[in-house]
Amino acid sequence: MNKENKDFFWPSYVDLMTVLFLIMLVLFVLSFKMFTDKDSENRRNIAQLKVEVQEKRKLDEIKEALSRLDSRYFQYNERYKRHELLVDVLFAQSSATIPQRSLMPLRRAGEELSSVLNSVQGADVKYLIVIDGRAASFPQGDPRNATQREYALELSYKRALALLQFWRSAGIRFPKDRIELIASGSGFEGAGRTGDVRDRRFVIQILPKVGTLTTTSVSK
């Protein structure tokens with residue numbers, strides 16, 4: 001190799017090594033960026049999973065507490081996935097006045113419900129309680145089922161409201177910051193109807209809610 005070839009070879013070799021170094025540097029930076037992004041994603045997923053596990057445990061605790069509701073007043077309807085009031089409240093036709101004989105068991109049912117719901121502690125635990133008033137429909141095919149539909153909705157709502165007001169007047173208090181108590185009326189409609197005068201009663205649905213817990217920051 002003559003002197004001229006040597007002078008040409010070494011600069012070219014240096015340029016090649018420089019290019020390869022730059023390529024390796026770029027690949028390293030990209031690989032490191034992908035690794036850190038994936039690591040951050042994994043940490044977020046782990047933190048979220050911990051939150052979900054905590055919420056699942058709290059929901060299990062709530063479910064266990066609700067299972068202790070006195071069976072004289074409440075039962076869990078597996079088919080419709082809801083807790084229902086068993087107190088016999090058979091309203092007179094077209095009436096929203098709670099029968100006198102039903103007042104004492106309704107009071108005890110309210111006290112039982114309040115006690116059980118408050119047995120599960122935690123600021124993130126909340127409940128939505130829906131008092132669903134109902135009205136007995138007329139025989140199938142009777143045109144009054146259509147003409148009196150709006151009236152039945154209003155009547156069934158008044159029945160639910162009557163229970164809510166009775167509980168309040170009886171001194172049964174549910175914490176406002178943890179429990180939402182709603183009166184509603186389904187009229188002639190609603191799942192689990194009997195098709196007879198028993199539909200003048202109302203059902204109570206208890207829906208537990210667990211808010212998202214505060215996550216702890218994870219250092220990168």
Side-chain angles (χ1 to χ4, degrees), residues 55-92 95-137 152-153 155-211:
E55 292 182 348
K56 176 61 167 58
R57 288 175 177 170
K58 184 60 69 174
L59 285 173
D60 288 342
E61 184 182 352
I62 294 171
K63 184 177 180 180
E64 172 63 24
L66 292 177
S67 70
R68 297 194 298 269
L69 281 169
D70 195 322
S71 59
R72 292 176 298 174
Y73 307 116
F74 297 93
Q75 75 172 4
Y76 182 71
N77 188 317
E78 184 65 36
R79 181 178 180 182
Y80 298 109
K81 306 298 180 185
R82 68 192 185 195
H83 290 82
E84 299 180 343
L85 183 68
L86 292 180
V87 177
D88 184 11
V89 186
L90 191 58
F91 289 94
S95 173
T97 302
I98 298 176
Q100 186 67 32
R101 63 184 177 85
S102 299
L103 294 179
M104 184 55 68
L106 281 176
R107 177 171 183 168
R108 290 171 181 165
E111 292 170 345
E112 169 73 7
L113 180 59
S114 176
S115 175
V116 170
L117 294 183
N118 284 293
S119 68
V120 180
Q121 300 300 316
D124 58 308
V125 178
K126 295 178 175 60
Y127 300 92
L128 174 63
I129 302 176
V130 181
I131 302 174
D132 181 21
R134 298 187 172 195
S137 59
L153 288 172
L155 175 62
S156 58
Y157 168 73
K158 288 180 178 178
R159 288 174 173 174
L161 187 60
L163 176 58
L164 191 155
Q165 292 173 336
F166 169 68
W167 276 350
R168 287 176 177 170
S169 65
I172 299 171
R173 295 288 182 267
F174 297 98
K176 294 181 179 180
D177 58 336
R178 294 184 58 206
I179 295 177
E180 296 177 71
L181 194 58
I182 298 176
S184 70
S186 55
F188 293 149
E189 302 170 359
R193 299 182 65 83
T194 62
D196 55 38
V197 293
R198 288 175 293 172
D199 287 331
R200 295 177 192 167
R201 303 170 180 170
F202 44 66
V203 299
I204 295 179
Q205 300 191 44
I206 307 169
L207 308 173
K209 303 186 294 179
V210 178

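Heavy-atom basis, side chains included; hydrogens, waters and symmetry copies ignored. Everything quoted here is computed from the prediction, not taken from an experiment.
- Between the CG atom in D132 and the CZ atom in R159 there is a gap of 12.0 Å [rounded to 0.5 Å].
- Contact between V87 and A109 at its shortest, heavy atoms only, is CG2-CB, 4.2 Å.
- Summarising the geometry, atom CD1 belonging to I206 is positioned 10.5 Å from atom CD1 belonging to I131; distances are rounded to the nearest 0.5 Å.
- Put simply, CD on Q205 and CD1 on I129 are 11.5 Å apart, with the number rounded to the nearest 0.5 Å.
- Here CG of L106 is found 11.5 Å from CG of L113. Values are rounded to the nearest 0.5 Å.
- Residues A160 and G133 share a closest heavy-atom pair of CB-N, 3.7 Å.
- The structure places CD of Q100 at 4.5 Å from CG of L103, a figure rounded to the nearest 0.5 Å.
- A donor-acceptor contact shorter than 3.5 Å links the side chain of S169 to the backbone of Q165.
- Interatomic distance, F74 CZ to L86 CG, rounded to the nearest 0.5 Å: 8.5 Å.
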- Given the rule in the salt bridge (Lys or Arg N to Asp or Glu O under 4.0 Å) test, do R107 and E111 qualify, once you have shown the distances and angles that lead to the verdict? CA-CA 6 Å; R107 177 171 183 168; E111 292 170 345; 3.4 Å; yes

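- Not counting sequence neighbours, the partners of L153 by the side chain to side chain contact (heavy atoms under 4.5 Å, CB included) test are R149, E150.
- For R168, the side chain to side chain contact (heavy atoms under 4.5 Å, CB included) partners at least two apart in sequence or on another chain are L164, R173.
- A distance-only check finds a donor-acceptor pair linking the side chain of S156 to the backbone of A152 [under 3.5 Å].
- The minimum heavy-atom distance between Y157 and A183, with the atom names listed, is CE1-O, 3.5 Å.
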